[in-house]
Novice: 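Below is the structure I would like to discuss, written out as structure tokens.
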Amino acid sequence: MRRLFVGLTAVSVLAAATACGSSDSGGSDGSGSSGGTTTVKVGLIPIVDVAPLYLGQKKGFFSERGLKLSLSSAQGGAAIVPGVTSGQFQFGFSNMTSLMIAQSNDVPVKAVANGIASTGEQGKDFGAITVKGDSPIKSAKELEGKKVAINTLKNINETAVRASVRKAGGDPDEVDFVELAFDQMPAALDGGRIDAAMVVEPALATIKSQGGREIASSMVDVAPKLTVAMYFTSTKYAQENPEVVKRFQEATAESLAYADAHPDEVREIVTTYTKIPPAVLEKVTLPKWPAEPNRPAIEALAELGRADGLFEQTPDLDELLP
């Protein structure tokens, strides 16, 4: 995705995504009501980050508020943004860079609930740059001239890798970035088709189980306790359905708090929407699920994105954030 609007083509791909829940929607906006229950379609990425929503659905936090979730998978937040703005989804999960790119390009999106945050600990985060165990690469500086996989080009993981390369004294413009889905990265790295991979859990645990190792905690290099992603909707939907948005916010907040307090249940629910083996899942490093976004960290991410040329104009965080 060189610019967000290129990503609009992903809508046709998303239309074929498999829904992880039944839908009884019938409204013109894609959401529907049945017996006092409103069905909302939510675009997610099949990674550990979104476990709270699956957990909250199971625990009844959404149904208690008259909401039924219809969950669909996509490769990354950059693809989910056009799905939400087109009305295919009422809500979506996206990294902050995708949302800032959208907002800076006058795409009508509004963050409504916190998503995930980095642990803030080097070597103990849920995302990292990884290499094979026998790779000669020891630091991010040595990624110059190497093929590094990220899930979406010109987005948060590229910014994060660039931050790590700069911090290590290297030139990020010399890195050969390639786009690859997270769940395809372990095999590609193990097979030698890439030199390094910027992964998040559960792919990180999978790579470690194959003998791979970390060389940098890139989200930590961007900013301490970085707000990595948030749940969002379109400004149109937020304006027309304020009560639904409020209920979604409340249920999501309860789900985040529950996930943070029940890590064992998080690991269990992840097995329902990913293919990660239980033995690997036990070793997964969980992200943090704080109630509120970290505004200073988001500002630091925005500044790095501006330096990387991701924004034609500076995103308006006052308009974007709740």
Side-chain angles (χ1 to χ4, degrees), residues 44-51 54 73-77 95 116 118-119 121-153 155-158 160-165 167-168 170 172 175-222 228-229 263-264 266-288:
L44 301 174
I45 312 168
I47 52 180
V48 170
D49 308 26
V50 299
Y54 286 92
S73 296
Q75 179 168 323
N95 69 77
I116 58 158
S118 162
T119 65
E121 297 184 62
Q122 285 285 350
K124 296 180 180 180
D125 200 18
F126 74 99
I129 302 176
T130 58
V131 296
K132 287 186 68 174
D134 59 358
S135 170
I137 300 172
K138 303 297 182 183
S139 76
K141 183 181 187 303
E142 297 169 54
L143 295 178
E144 293 178 345
K146 300 298 191 296
K147 187 176 293 186
V148 180
I150 51 179
N151 71 315
T152 308
L153 295 172
N155 214 283
I156 189 168
N157 282 309
E158 181 170 336
V161 172
R162 284 175 171 272
S164 293
V165 173
K167 184 177 180 180
V175 177
D176 179 15
F177 290 101
V178 295
E179 191 171 278
L180 198 63
F182 285 127
D183 61 1
Q184 296 175 18
M185 291 184 191
L189 186 64
D190 194 50
R193 297 190 294 278
I194 54 177
D195 299 300
M198 173 62 206
V199 292
V200 297
E201 297 288 15
L204 176 57
T206 300
I207 286 173
K208 288 180 178 179
S209 74
Q210 295 173 171
R213 54 185 171 81
E214 299 181 28
I215 61 169
S217 298
S218 290
M219 296 300 180
V220 182
D221 288 339
V222 170
V228 177
D264 290 342
V266 167
R267 295 178 197 279
E268 183 179 347
I269 201 75
V270 169
T271 63
T272 67
Y273 64 92
T274 73
K275 298 178 181 178
I276 184 168
V280 174
L281 189 57
E282 290 177 5
K283 300 176 182 179
V284 162
T285 299
L286 298 179
K288 295 297 183 181

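Quick caveat: nothing in here was measured; it's all calculated off a predicted structure. The figures here come from the full heavy-atom set of this structure, side chains too, leaving out hydrogens, waters and symmetry mates.
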Novice: List for me each residue that meets side-chain contact (heavy atoms from CB on, under 4.5 Å) alongside Asp195, sequence neighbours excluded, and say none if there are none.
Specialist: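 Only Ile137, Lys146, Lys147 meet the side-chain contact (heavy atoms from CB on, under 4.5 Å) criterion with Asp195.
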Novice: Mind checking what makes side chain to side chain donor-acceptor pair (under 3.5 Å) contact with Ser218, not counting sequence neighbours?
Specialist: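 Checked Ser218 against side chain to side chain donor-acceptor pair (under 3.5 Å); matches are Ser164.
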Novice: Which residues satisfy the side chain to side chain donor-acceptor pair (under 3.5 Å) test with Asp49, sequence neighbours excluded?
Specialist: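 So Asp49 forms no side chain to side chain donor-acceptor pair (under 3.5 Å) with any residue.
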Novice: Rounded to the nearest 0.5 Å, what separation is found between the CZ atom of Phe177 and the OG1 atom of Thr152?
Specialist: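 Between Phe177 CZ and Thr152 OG1, I get 12.5 Å after rounding to 0.5 Å.
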Novice: Calculate, to the nearest 0.5 Å, the distance between atoms CD and NZ belonging to Glu142 and Lys138 respectively.
Specialist: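 Here the rounded value is 8.0 Å.
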Novice: Would you please name every residue forming a side-chain contact (heavy atoms from CB on, under 4.5 Å) with Glu121, sequence neighbours left out?
Specialist: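 Only Thr119, Lys124 meet the side-chain contact (heavy atoms from CB on, under 4.5 Å) criterion with Glu121.
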Novice: Could you pull out all residues at least two apart from Lys167 that satisfy side chain to side chain donor-acceptor pair (under 3.5 Å)?
Specialist: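 With neighbours one apart ignored, the set is Asp221.
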Novice: So do the side chains of Val266 and Leu286 get within less than 4.5 Å of each other, counting heavy atoms only?
Specialist: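 When only atoms from C-beta onward are counted, Leu286 and Val266 do touch, with a gap below 4.5 Å.
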Novice: Can you list the residues that meet the side chain to side chain donor-acceptor pair (under 3.5 Å) rule with Ser135, with sequence neighbours excluded?
Specialist: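 Applying side chain to side chain donor-acceptor pair (under 3.5 Å) to Ser135 gives none.
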Novice: Examine distances only and state if a side-chain atom of Lys132 and a backbone atom of Asp190 form a donor-acceptor pair shorter than 3.5 Å.
Specialist: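 Judged by distance alone, yes, a pair lies under 3.5 Å.
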Novice: Please tabulate, for the side chains in residues 197-205, all donor-acceptor contacts under 3.5 angstrom to protein atoms that are two or more places apart in sequence or on a different chain.
Specialist:
| from | atom 1 | to | atom 2 | distance (Å) |
| --- | --- | --- | --- | --- |
| Glu201 | OE1 | Ala205 | N | 2.9 |
| Glu201 | OE2 | Thr285 | N | 2.8 |

Novice: Taking all non-hydrogen atoms of both residues into account, name the closest pair between Pro172 and Val165 and its distance.
Specialist: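 For Pro172 and Val165, the tightest heavy-atom pair comes out as N-CG1, 3.6 Å.
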Novice: Does a side-chain heavy-atom distance below 4.5 Å link Val284 with Arg267?
Specialist: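 Sidechains of Arg267 and Val284: in contact.
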Novice: Any non-hydrogen side-chain atom of Val161 less than 4.5 Å from a side-chain atom of Ile129?
Specialist: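 Touching, per the 4.5 Å side-chain cut-off.
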Novice: Could you work out, with side-chain contact (heavy atoms from CB on, under 4.5 Å) as the rule, every residue matching Thr272, not counting sequence neighbours?
Specialist: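 Testing Thr272 for side-chain contact (heavy atoms from CB on, under 4.5 Å), a comparison that skips the adjacent residues, returns Ile269.
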Novice: In Å, rounded to the nearest 0.5 Å, how long is the span from OG of Ser139 to CD1 of Ile215?
Specialist: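 So the gap between those two atoms works out to 6.5 Å.
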Novice: Report yes if the side chains of Phe126 and Val228 come closer than 4.5 Å at any heavy-atom pair, otherwise no.
Specialist: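 Heavy-atom side-chain distance check passes, below 4.5 Å.
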Novice: Can you tell me how far the OG atom of Ser118 sits from the NZ atom of Lys288, to the nearest 0.5 Å?
Specialist: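 The distance works out to 10.0 Å.
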Novice: Tell me if a side-chain donor or acceptor on Thr274 pairs with a main-chain N or O of Thr271 at a distance below 3.5 Å.
Specialist: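 Pair absent, no side-chain N/O of Thr274 close to backbone of Thr271.
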Novice: Looking at Ala160 and Val222, what are the two nearest heavy atoms and their distance?
Specialist: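 Scanning both residues completely, I find the closest heavy atoms to be CA-CG2, 3.8 Å.
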Novice: Contact between Leu44 and Ser73 at the side-chain level, heavy atoms closer than 4.5 Å - yes or no?
Specialist: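 Leu44 does not reach Ser73 side chain to side chain.
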Novice: Atom CG in Asp264, atom CD in Glu282: separation rounded to 0.5 Å?
Specialist: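 If we round to the nearest 0.5 Å, Asp264:CG and Glu282:CD are 9.5 Å apart.
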Novice: Can you name the closest pair of heavy atoms from Thr206 and Val280 and give their distance?
Specialist: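 The pair with the smallest heavy-atom distance is N-CG1, 3.6 Å.
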Novice: For residues 204-219, which residue pairs pass the salt bridge (charged side-chain N to carboxylate O under 4.0 Å, His left out) check, not counting sequence neighbours?
Specialist: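 The answer is Lys208-Glu214.
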Novice: The criterion is side-chain contact (heavy atoms from CB on, under 4.5 Å); which residues satisfy it with Ala188, sequence neighbours excluded?
Specialist: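 For Ala188 the side-chain contact (heavy atoms from CB on, under 4.5 Å) partners, ignoring immediate neighbours, are Leu180, Arg193, Ile194.
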Novice: Measure across Asp125 and Met219 and return the closest heavy-atom pair with its distance rounded to 0.1 Å.
Specialist: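 Shortest heavy-atom contact: OD2-CB, 3.5 Å.
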Novice: Does Gly123 offer a backbone N or O that forms a donor-acceptor pair with the side chain of Ser217 under 3.5 Å?
Specialist: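 Checking the backbone N and O of Gly123 against the side chain of Ser217, a donor-acceptor pair under 3.5 Å is found.
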Novice: Would you say the side-chain atoms of Tyr273 pair up with the backbone N or O of Ala51, donor to acceptor, closer than 3.5 Å?
Specialist: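 Between the backbone of Ala51 and the side chain of Tyr273 there is a qualifying donor-acceptor contact (under 3.5 Å).
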Novice: Taking the side chain as C-beta and beyond, is there a heavy-atom pair between Asn95 and Asn155 under 4.5 Å?
Specialist: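 When only atoms from C-beta onward are counted, Asn155 and Asn95 do touch, with a gap below 4.5 Å.
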